[in-house]
Each structure stands twice: as structure tokens, then as C-alpha cells.
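All remarks here apply to the structure that follows.
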2 protein chains.
Amino acid sequence: MQKNVNLRMTRQRQVILEELCKVDTHPSADEVYEMVRKRLPRISLGTVYRNLEILSASGKIQRLELGCNLKRFDGIAENHYHIRCPKCDRVVDVPPDLNVVVNHDLKNAAAFKILGHKLEFIGICPNCQT
Amino acid sequence: MQKNVNLRMTRQRQVILEELCKVDTHPSADEVYEMVRKRLPRISLGTVYRNLEILSASGKIQRLELGCNLKRFDGIAENHYHIRCPKCDRVVDVPPDLNVVVNHDLKNAAAFKILGHKLEFIGICPNCQT
DNA sequence: TTTGCTGCAAATCCTTTGCAGAGGT
DNA sequence: ACCTCTGCAAAGGATTTGCAGCAAA
């Protein structure tokens, strides 16, 4: 990925941004591709990927990546929280004695039937702080 | 994936479970493969994937997948929370007027320098409730 | 003996990348 | 004109799957 020194607002980038702001469906890259293709039939999927990356790096859109790329597995079956270090991607458990309170008032308002929540803290681990 | 009607405790499954419970590093499937291979040199990566799936489906281990498989993009750049429906994988925003309180007391205790958190609610969407 | 499980390899899915030409600024 | 961006296609990495033989129960 190139450094965003001199960003150009190309037609493709413009349309991707417009289409993304039109919807609230949190589309995947492929879904964005399908949306944009209606206006720019010759756009390539690679371009969509590159632009989504650039747009989120420059803060114009948000990239939802709750968690890391790899699925990870935990020998502890009980639900608990994690802290992930964005530098080394290490994941550690949140000490269980710590009281993390998530207010579930939202349960009453959303049309969703809330089953639970996933909470992940992002933090620089001791190793990476130096 | 077969339905878990009659699970057998094979040597491979046993060793995967044992190795996973030994560590607290939240390994990826490939890392589990490397761990297990020391004891079962002929095990295949496919078997590791299948067993991690089966073990987490049967509740013996936990699968960390904060979020969905696909990266998703959001036209709203500001940070906000999401609800995801596990049935249809739809993601919607948490209405911003709802007060979600995450207690950050944990900041003082962990050796991590906490930068923030990611919170995702899991819930059945109106469509999937029928 | 039944049938779930394994190793293997090929397939699949999503994403990234190299390249030569096109197009913003 | 400069240099970023594009389309294309191939490569890449993680995960899944088909199959024939193996092994728990």
C-alpha cells in the first residue's frame, strides 16, 4: 500500500465513497463492488479494495474489524473479555476480577433480540510499549 | 460440517484440546497445528480446522471471532457501536442516543496501555425472529 | 460392524499485488 | 509533465471439502 501523500479524487474513489454513504448496511468489499458497478461497470474489484483501504486510512470511512484477521481459539470456554495489542496482535484475557460493566439498556430499545455482547479492549502490550 | 450427533474422542481431538488448554496465547488454527504436530507429526491442518470447529461448537473451547468473517465498511467515520445478527450476519448501528457505558476501570490494572475498546452486540434481527 | 474421523490434495474464498497504460492535478 | 491510480490477471493466505481408507464405539 502506497503512502497517502497526494490523494487524488478519482471518479472511482468518489463513487465508492458516495455509494457507501448512501447505505447503512455496512457492506463488505464485494458488496461495495456490486453497488459501484452499477454506475461504473468497468471498475475492478482490486480498485474497490484499494480505495476502501485508502478511504478508511484517511478517516473518510470506518472499517469494521472487530477483532483480528485470523480466527483465534481459547481453551477457556467460559465467556470473558480480551485485550488485543494492535502492534503485535497478541491477545490476552482480561483479569476476571476486574469489573467491566456494559449497560444493556439498549436491550429495550432495539428491535433486535439481544443475546449478548462481545467486548474487546485495544491496548499496547508491555512488550510493545518500549 | 457434519452434525455433531455422535462425537468420538479421537487421539487427534484429544491432543488438540490438551494443547489448547495448556496455553493462554489464543493461538490461531495454524499455531494450534504447529503445537499439536510436535506430538502427532502426521496430523493434517484440515483435521485441526475440523476439530477446532467441532470443539467450539460443542462448547469445549471458545472461538474468538469478535465480528464477522468479512471485513465490513461503514460510511460513518465516527466511532459507534454495532449489533450483528448471527443468523443473517446483518450489521446495524446502535442508536446513538442509547447510553452504553463501558467501565474502563481496567485501565489501571492491566499492564497494557488501553487505547480504547470495540463493542459489538449480538442479537437476532427483526427479520430473523420470525 | 457401523459410521464418524483422518490424511491428503484440490478447491474455494477473500484479499493483495505486479504491471503497463490511463488520467488527475 | 508528473506521478498516482486504474483494470487486469495472477498470486497469496486462510479455510473448506471430496474421497478412500482408518479406527472409535
Side-chain angles (χ1 to χ4, degrees), chain A residues 1-20 25-58 60-61 63-74 89 91, chain B residues 1-20 25-58 60-61 63-74 89 91:
Chain A
M1 166 77 47
Q2 74 220 329
K3 288 214 50 170
N4 300 340
V5 266
N6 262 324
L7 284 189
R8 288 175 183 170
M9 186 48 71
T10 59
R11 180 110 185 87
Q12 289 87 339
R13 188 164 297 161
Q14 180 78 48
V15 171
I16 288 170
L17 187 54
E18 285 175 13
E19 291 300 311
L20 195 50
T25 52
H26 308 80
S28 65
D30 201 69
E31 287 164 347
V32 172
Y33 175 55
E34 289 305 329
M35 289 156 53
V36 168
R37 218 135 74 103
K38 290 177 186 143
R39 290 174 58 187
L40 303 175
R42 294 192 49 73
I43 197 172
S44 76
L45 183 56
T47 296
V48 171
Y49 272 103
R50 276 183 289 229
N51 275 310
L52 288 173
E53 213 50 53
I54 290 171
L55 286 170
S56 62
S58 64
K60 292 207 172 56
I61 65 173
R63 177 176 170 161
L64 308 186
E65 40 154 353
L66 298 124
C68 43
N69 298 334
L70 296 175
K71 285 171 196 142
R72 290 179 168 278
F73 296 87
D74 193 329
D89 218 41
V91 177
Chain B
M1 165 74 50
Q2 73 221 329
K3 288 214 53 170
N4 300 340
V5 265
N6 262 326
L7 286 188
R8 288 175 184 172
M9 186 46 73
T10 60
R11 180 111 186 86
Q12 289 87 337
R13 188 165 296 162
Q14 181 76 48
V15 171
I16 288 170
L17 186 54
E18 285 174 14
E19 292 300 312
L20 195 51
T25 53
H26 308 80
S28 64
D30 200 69
E31 286 164 350
V32 172
Y33 175 57
E34 288 306 330
M35 288 157 54
V36 169
R37 217 135 74 103
K38 290 177 186 143
R39 291 173 59 187
L40 302 175
R42 295 192 47 77
I43 198 172
S44 77
L45 183 55
T47 296
V48 172
Y49 272 104
R50 276 183 288 229
N51 275 311
L52 288 174
E53 213 51 52
I54 290 171
L55 287 169
S56 62
S58 65
K60 292 208 172 55
I61 65 172
R63 176 176 171 162
L64 308 185
E65 40 153 354
L66 299 125
C68 42
N69 298 334
L70 297 174
K71 286 171 193 140
R72 291 182 166 275
F73 296 86
D74 193 330
D89 218 41
V91 177

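In what follows, every chain begins at residue 1, and chains take the letters A, B, ... in the order their sequences are listed. Every heavy atom of this structure was used, including side-chain atoms; hydrogens, water molecules and symmetry mates were not.
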Distance, rounded to the nearest Å, where [X] contributes [atom1] and [N] contributes [atom2]:
X: Leu45(B); N: dT16(D); atom1: CG; atom2: C1'; answer: 10 Å
X: Ile16(B); N: dC5(C); atom1: CD1; atom2: C1'; answer: 11 Å
X: Glu53(A); N: dT6(D); atom1: CD; atom2: P; answer: 14 Å
X: Tyr49(B); N: dA9(C); atom1: OH; atom2: P; answer: 17 Å
X: Asn51(A); N: dG24(C); atom1: CG; atom2: P; answer: 13 Å
X: Leu40(A); N: dT6(D); atom1: CG; atom2: P; answer: 10 Å
X: Leu52(B); N: dT16(D); atom1: CG; atom2: C1'; answer: 13 Å
X: Tyr33(A); N: dC13(C); atom1: OH; atom2: P; answer: 16 Å

When you measure from the side chain of [X], which nucleotide among [options] comes out closest?
X: Ser44(A); options: dG7(D), dT15(D), dC14(C); result: dG7(D)
X: Arg13(A); options: dC8(D), dT16(D), dT6(D); result: dT6(D)
X: Thr47(A); options: dT16(D), dT15(C), dG7(D); result: dG7(D)

Before giving the answer on side chain to side chain contact (heavy atoms under 4.5 Å, CB included), spell out for Leu20(B) and Leu52(B) the whole-Å C-alpha distance, their side-chain angles and the decisive distance to 0.1 Å.
CA-CA 10 Å; Leu20(B) 195 51; Leu52(B) 288 174; 4.1 Å; yes

Give a yes or no answer on whether the side chain of Thr47(A) reaches the backbone of Ile43(A) with a donor-acceptor pair at less than 3.5 Å. no

- CG/Asn51(A) to CD/Gln14(A) distance, rounded to the nearest 0.5 angstrom?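 Asn51(A) CG to Gln14(A) CD: 11.0 Å, rounded to 0.5 Å.
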
Note to self: What's the separation between atom OG in Ser28(B) and atom NE2 in His26(B), rounded to the nearest 0.5 Å?
What the structure shows: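 The OG atom of Ser28(B) sits 12.5 Å away from the NE2 atom of His26(B).
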
Exercise. Between Val48(A) and Ala29(A), what is the shortest heavy-atom contact and its length?
Worked result: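 Heavy atoms only, the tightest pair is CG1-O, 3.6 Å.
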
**Nearest atoms (heavy-atom pairs only) where Gln12(A) meets Leu40(A)** =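 In terms of heavy atoms, the two residues are closest at CA-CD1, 3.7 Å.
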
Each nucleotide of nucleotides 20-25 of chain D classed B (base within 4.0 Å of a protein heavy atom), S (only sugar-phosphate) or -, in 5' to 3' order, makes ---BBS

When you compare the protein's N or O atoms with those of nucleotides 18-20 of chain C, which come within less than 3.5 Å of each other, and at what distance?
unit_1, atom_1, unit_2, atom_2, d
dG18(C), O6, Arg50(A), NH1, 3.3

Hey, are Arg37(A) and Glu34(A) close enough for a salt bridge, meaning a charged N less than 4.0 Å from a carboxylate O? yes

Residues at least two apart in sequence or cross-chain that pass side chain to side chain contact (heavy atoms under 4.5 Å, CB included) with Leu55(A), listed by chain then number, are Arg13(A), Ile16(A), Leu17(A), Lys60(A), Ile61(A)

Subject >> Residues in side chain to side chain donor-acceptor pair (under 3.5 Å) contact with Glu19(B), at least two apart in sequence or another chain >> reply: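 Partners of Glu19(B) by the side chain to side chain donor-acceptor pair (under 3.5 Å) criterion, ordered by chain and then number, come out as Lys22(B), Arg39(B).
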
Sequence neighbours excluded, the answer for side chain to side chain donor-acceptor pair (under 3.5 Å) partners of Thr10(A) is none

request  = Five pairs at each end of the helix from dT1(C)-dA25(D) to dT25(C)-dA1(D): take the axis at both ends and give me the angle between them to 10°.
outcome  =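 The two end axes of the helix from dT1(C)-dA25(D) to dT25(C)-dA1(D) meet at 40°.
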
_Touch class at under 4.0 angstrom, heavy-atom based, for Asp30(B) against every strand present_ = nothing

### Query
Which part of the nucleic acid does Ile43(A) contact within heavy-atom distance under 4.0 Å: base, sugar-phosphate only, or nothing?
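Answer is sugar-phosphate: Ile43(A) comes under 4.0 Å of backbone atoms only.
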
